[in-house]
Amino acid sequence: MHTHAAALAPAFAPALIAWQRSHGRSTLPWQNTRDPYRVWLSEIMLQQTQVVTVLGYYARFLERFPAVSALAAASEDEVLGLWSGLGYYSRARNLHRCAQDVVARFGGRFPASAQELQTLPGIGRSTAAAIAAFCFGERVAILDGNVKRVLTRVLAYEADLSRSANEKTLWDAAQQMLPAPAAGEASGADDTMARYTQGQMDLGATVCLPRQPQCLICPVQRLCRGSAAGNPERYPVRERRLRRSAQSLWLLLARRDDGAVWLHKRPAKGIWAGLHSLPVFDSEEALQAALPPQAWAAAVMQPAFVHVLTHKDLHLHPVRVAARADLQGLPPLDGSGRWVSAQEWPGLGLPAPVRRLLEDEH
DNA sequence: GTCCCGCAGC
DNA sequence: GCTGCGGGAC
């Protein structure tokens, strides 16, 4: 697929860089540093969460884990607890594993190339490129959601991005749009790549907005083919629509008078991997089978509710049972299952619907 | 309903 | 290599 990247490239990067200097963001706590640890931590958090929310978590993580070695040495539960409320806990687990990898494989220093960075858990092509551009000045393209929007608009890129071949073409275009290679040899000496990378992120976050692109104040409007056509907001083009299936889960809800709840740690694979959760069953019968007959007889069905994931509607059916000392030993309530006090559970990594259920319930 | 980004399974 | 998953915010 052909794009106009080559034609636009000479004017695009200089205009974006100049704009970043004058109008871009420059005071966020993870800016003005070339420390890969700080840049990496912010990039992972920003993948899923808005800047204002990340600020608090970022500060708390840095305070508790000033260096990657401290994060690597922590327990997974502590990392998940500090992450609590951010959601997307697989990213927190990858964060922890990545820190351990950096220590074990690279002596506690992040590797200095996008190619090597990408071998670390939780760091994909775009995140690797962002770290390498910010910290090492590497001439390599990022392509996150903001940049996809900016580039497809500037290029008036019509192809359906839900098709991997078209996304690959856009990656190629992103690489072509990079600032011209520095004349000298030391690419890390100046801040061209950092400015350019930050500029794309800033433009996507503050000007080239999803619904209302602010073309009148855009530094690259005179180059932008989408704006010229009068309909920049229709990019990026995505045609595939997902179909969502339904699944029902039964949750065993046991709560003592003092507020403690019975939780267990989920297996490392599958839904809610590694999180603390109420015991989960695939069917009402399975839940019944796990309880003594008298406990089942006294159980009270709570109102069902729906929790929506990208690909699935989870129909959740809480079942309240009397708090009993002998829950222990009942599969699958054995092993990791335990009473968790009302002081402790809010700080654990809990699936959002379970957290909501526990919060609403008292 | 849409989007995010990396991963795992095919 | 490609597709679909995962959990939550907007």
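Naming: A, B, ... by sequence-line order, numbering from 1 per chain.
As a whole-Å value, the separation of A:K168 NZ from C:dG1 P is 10 Å. A:Y57 places its OH atom 12 Å from the C1' atom of C:dG8, with the value rounded to the nearest Å. In this structure, the CG atom of A:L86 is 10 Å from the C1' atom of C:dG8, given to the nearest Å. The interatomic distance linking A:L209 (CG) with B:dT2 (C1') rounds to 16 Å, in whole Å. One atom, CZ of A:R163, and another, C1' of C:dG4, lie 16 Å apart when rounded to the nearest Å. The separation between A:R93 atom CZ and C:dG6 atom P is 12 Å, rounded to whole Å. What separates CZ of A:F305 from P of C:dG8 is a distance of 11 Å, to the nearest Å. As a whole-Å value, the separation of A:Y235 OH from B:dC3 P is 16 Å.
Using a 4.0 Å cut-off, no side-chain N or O of A:Q50 falls inside it from OP1 or OP2 of C:dA9.
A salt bridge links A:R64 and A:E78; the closest N-O separation between the charged side-chain nitrogens and carboxylate oxygens is under 4.0 Å. Salt bridge status for A:R338 with A:E344: present, with a side-chain N to carboxylate O gap under 4.0 Å.
Residues satisfying the ring pair (Phe, Tyr, Trp, His ring centres under 6.0 Å) test with A:Y196, not counting sequence neighbours, are none.
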For nucleotides 4-10 of chain B, just jot down a letter per nucleotide in 5' to 3' order: B, S or -, based on protein non-hydrogen atoms under 4.0 Å. BBSS---
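Here A:S90 lies out of heavy-atom contact (under 4.0 Å) with every strand. Contacts of A:P351 with the nucleic acid, taken as non-hydrogen atoms under 4.0 Å apart, involve only primed sugar atoms and P, OP1 or OP2.
In the hydrophobic clustering, A:V237 connects to A:Y235, either directly or through intervening members, whenever side-chain heavy atoms lie under 4.5 Å apart. In this structure, A:V308 shares a hydrophobic cluster with A:V306, the cluster being traced through Ile, Leu, Val, Met, Phe, Trp and Tyr side chains under 4.5 angstrom apart.
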Which pairs would a plain distance check flag for residues 6-29 of chain A, meaning a side-chain donor or acceptor within less than 3.5 Å of a matching protein atom at least two apart in sequence or in another chain?
unit_1 : atom_1 : unit_2 : atom_2 : d
A:Q20  : OE1    : A:R195 : NH1    : 2.7
A:Q20  : NE2    : A:R25  : O      : 3.1
A:Q20  : NE2    : A:D202 : OD2    : 2.9
A:S22  : OG     : A:A18  : O      : 3.2
A:S22  : OG     : A:W19  : O      : 3.3
A:R25  : NE     : A:D202 : OD1    : 2.7
A:R25  : NH2    : A:D202 : OD1    : 3.0

Using residues 54-62 of chain A as the side-chain source, report each donor-acceptor pair under 3.5 Å to any protein atom, sequence neighbours left out, with the distance given to one decimal.
unit_1 : atom_1 : unit_2 : atom_2 : d
A:Y57  : OH     : A:S84  : O      : 2.9

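Along DNA chain C, the nucleotide nearest A:S162 and the nucleotide nearest A:T49 are compared for position; the residue whose nucleotide lies closer to the 5' end is A:S162.
Looking at the side chain of A:Y89, the nearest of the listed nucleotides C:dG6, C:dG8, C:dC10 is C:dG8. Here the side chain of A:S164 is nearest to one of C:dG8, C:dG6, C:dC2, namely C:dC2.
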